[in-house]
Each structure stands twice: as structure tokens, then as C-alpha cells.
Amino acid sequence: MRRRRTPGLRGRTRPGRLDAWNGLLVNVFGNVLRARPGAPVVDVGIGDQPHTAVELADALRAAGLENPVVAVDAVAARVDHARATVGPRADLRFAVADLRDLGAASAAPVAIRAANVLRQSAPDAVPGLQQALAGQLVPGGLLLEGSTDLDGTIGCFHHITAAGRRAGLVFTTTGVGGFAPVRFRDHLPRDLRGRVRATPALAALFDAWTAAFEAARARGIATPGALLAASVAATPALAPLPSGCGAPGACWAPPTGVPLPTPEP
């Protein structure tokens with residue numbers, strides 16, 4: 001059945017779409033947030049319904065984190081609709097802001113989440129936008145930027161530090177619809193999607209991960225979760241995500257940072 005949309009609004013959101021991102025913020029980066037109690041977490045892009053912003057605020061509150069969420073959007077109609085839908089909350093507010101100037105809506109954040117926001121940007125423009133976002137963080141803060149499918153069953157995002165270092169690339173999947181490393185290629189962040197072969201270190205990662213996946217299948221491992229776990233364990237460059245992160249997955253954290261694609265001649 002087709003989902004009913006709110007007239008006049010665009011930007012698709014669904015409940016649970018960013019559960020893995022919430023889990024990472026709480027279970028992996030919770031100490032970063034705890035070190036800055038009261039510093040906001042900015043959620044860039046509200047969409048047609050404020051589901052994911054509400055879920056982020058709920059996840060932080062359930063973990064005992066004292067960081068309010070400020071959900072921002074450049075479209076005033078989305079902000080007005082979210083305010084009317086959610087009502088007043090001490091741990092969540094909505095504001096109009098451009099991603100290059102979050103200071104118009106919020107104090108300097110300890111974390112920024114930009115999910116499915118830059119996916120329509122020109123690939124070569126994305127690193128500059130990432131740096132613009134990261135430059136607004138408090139020292140020691142973090143930016144999560146990337147993409148998911150519509151339901152959040154598979155996705156990939158950058159972990160970028162306040163200093164602008166691309167510290168890691170995080171892969172998450174619930175396994176719905178099966179699992180193979182190649183499936184991540186269509187859900188990479190915008191700056192990497194379609195440019196794997198132009199990023200030799202990333203291409204080598206996918207080659208090694210795929211070889212480990214094929215070896216696991218040859219041993220009779222069949223279920224998506226087991227294939228994910230076995231292939232990640234056999235790929236030295238990958239580290240499995242800890243339990244409790246909303247969805248299983250892995251992180252690639254090269255010592256020199258996640259590289260940019262080689263520019264086209």
C-alpha cells in the first residue's frame with residue numbers, strides 16, 4: 001500500500017530508518033556526548049515527517065545522555081509541520097537552518113547527523129560540505145554523514161572528526177533481502193557511490209571482503225547474519241560493530257583515513 005504523504009512536503013522519512021545511526025551514537029560514541037553534557041546533537045534534514053528526529057531524542061534520553069537534539073531543515077514548511085506534530089519537548093526542538101550555518105539555530109554541537117542529506121549533491125562538492133559541517137562542531141565532536149535505503153535495512157556513513165578527518169566508514173545492514181558486500185556499493189555516501197574503482201583502497205577492501213564472503217558461502221554458511229559475521233571476521237581491514245548498535249555491521253578505519261576518489265582527468 002502506498003504511504004500517505006503530507007501535502008506540500010518532500011523528503012522521505014520512515015520510522016526506524018536510522019536505528020543503526022542512533023545505536024552507534026549511544027553505544028560507540030556515547031562517551032563523546034557524555035563529555036559535553038548539554039551540548040546539542042544536530043540532526044540535519046527533517047523530511048516530511050519528524051520520525052527519525054524523535055527517535056534520536058528518545059534514544060539519547062533512554063541512554064541517560066544529557067544532549068538535546070536540534071533538528072534542522074532549510075525548508076520552513078517541514079520545520080513548522082514537525083513542531084505542530086511533536087509539540088514542545090525539553091530534549092528536542094526544530095529550527096530552520098542551512099547546513100553551512102547551523103549557528104543560526106543551535107549552539108555549537110557535539111555531534112551532527114546528516115543522513116540522506118547530501119545524496120543529491122554533486123560528488124565533488126560533498127567533501128567541502130562535509131568539512132563545512134565538521135567545522136561547526138565543538139572540539140572533539142563528530143559528524144556522521146551518509147545514506148541508507150528507504151527502510152534503513154542497509155546503509156553506509158562516514159565518521160568525520162571535528163578536525164575534518166575522515167576517520168572511518170561504517171557499513172550497517174539488517175540482512176533483510178540477503179547479504180553480500182557488493183550490496184553496499186549502491187548505498188555508499190555520495191562522494192564514494194559509483195566511484196569505488198576510482199578509490200583504490202576502497203576497491204581493495206571490497207575485493208577482500210567479497211573473497212571472504214565467497215569463502216564463507218563455500219563452507220556452507222548461508223544466513224545473512226552469519227555470512228556478514230564470517231566475512232567481516234576474515235577481512236583484516238574491517239572491525240565488527242559492537243552489539244546493541246541497532247543493526248549488525250562493520251567499520252573500515254584506515255590508518256591514514258578514508259580516502260577521497262582519484263579526480264577524473
Side-chain angles (χ1 to χ4, degrees), residues 1-30 33 40-65 67-99 102 105-106 109-120 133 142-158 170 172-177 187 189-190 241 244-249:
M1 183 175 70
R2 179 171 294 181
R3 187 170 71 105
R4 180 175 297 175
R5 303 187 60 76
T6 304
L9 300 180
R10 299 180 64 188
R12 297 175 294 181
T13 53
R14 288 192 180 183
R17 187 180 188 185
L18 301 180
D19 281 353
W21 301 52
N22 297 342
L24 264 290
L25 278 170
V26 169
N27 293 293
V28 175
F29 301 115
L33 275 61
V41 174
V42 170
D43 193 22
V44 180
I46 297 170
D48 62 349
Q49 298 292 337
H51 303 304
T52 52
V54 170
E55 290 167 346
L56 174 57
D58 288 347
L60 299 185
R61 182 177 58 186
L65 292 165
N67 305 92
V69 172
V70 181
V72 304
D73 205 293
V75 179
R78 294 180 187 170
V79 175
D80 292 341
H81 176 73
R83 287 172 176 161
T85 301
V86 175
R89 284 181 55 159
D91 59 346
L92 172 62
R93 65 183 181 88
F94 301 93
V96 177
D98 181 84
L99 61 83
L102 300 177
S106 169
V110 66
I112 297 172
R113 182 177 73 176
N116 305 306
V117 172
L118 305 184
R119 62 193 304 163
Q120 302 302 325
L133 284 165
L142 63 108
L143 163 66
L144 304 183
E145 187 281 313
S147 300
T148 70
D149 68 353
L150 185 58
D151 295 311
T153 60
I154 187 168
C156 188
F157 56 88
H158 290 289
V170 180
T172 68
T173 178
T174 62
V176 172
H187 302 286
R190 182 68 178 114
L241 298 182
C245 284

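One-based numbering along the sequence shown. Keep in mind that this is a model prediction, so the values were computed, not measured.
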Heavy-atom pair of closest approach, residues [X] and [Y]:
{"X": "A105", "Y": "A95", "answer": "CB-CB, 3.5 Å"}
{"X": "V41", "Y": "L56", "answer": "CG1-CD2, 4.0 Å"}
{"X": "A97", "Y": "V72", "answer": "CB-CB, 4.0 Å"}

For residues [X] and [Y], determine if any side-chain heavy atom of one lies less than 4.5 Å from a side-chain heavy atom of the other.
{"X": "Q120", "Y": "R190", "value": "no"}
{"X": "L143", "Y": "H158", "value": "no"}
{"X": "L150", "Y": "R14", "value": "yes"}
{"X": "C156", "Y": "S147", "value": "no"}
{"X": "E55", "Y": "P15", "value": "yes"}

Under the side-chain contact (heavy atoms from CB on, under 4.5 Å) test, residues paired with [X] that sit two or more places apart:
{"X": "T153", "answer": "D149, D151, T174, V176"}
{"X": "A57", "answer": "V69, R89, D91, L92"}
{"X": "S106", "answer": "P40, V42, V70, R93"}

Give, for atom [atom1] of [X] and atom [atom2] of [Y], the distance between the pair rounded to the nearest 0.5 Å.
{"X": "T85", "Y": "H51", "atom1": "OG1", "atom2": "NE2", "value": "9.0 Å"}
{"X": "L144", "Y": "L18", "atom1": "CG", "atom2": "CG", "value": "10.5 Å"}
{"X": "D48", "Y": "H81", "atom1": "CG", "atom2": "NE2", "value": "7.0 Å"}

**Prompt:** Partners of T148 by side-chain hydrogen bond (donor to acceptor under 3.5 Å, both in side chains), sequence neighbours excluded?
**Reply:**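 Partners of T148 under the side-chain hydrogen bond (donor to acceptor under 3.5 Å, both in side chains) test: R17, N116.
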Considering only distance and modelled atom types, tabulate donor-acceptor pairs under 3.5 Å from the side chains of residues 21-28, sequence neighbours left out.
residue: N22; atom: OD1; partner: R113; partner atom: NH1; Å: 2.6
residue: N27; atom: ND2; partner: G23; partner atom: O; Å: 3.1
residue: N27; atom: ND2; partner: G244; partner atom: O; Å: 2.4

**Item:** Residues which pass ring-ring contact (aromatic ring centres under 6.0 Å, His included) with F94, listed by chain and number, not counting sequence neighbours
**Value:**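 Result, ring-ring contact (aromatic ring centres under 6.0 Å, His included) vs F94: none returned.
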**Asked** Does any N or O in the side chain of D73 come within less than 3.5 Å of the main-chain N or O of I46, such that one atom is a donor and the other an acceptor?
**Response** yes
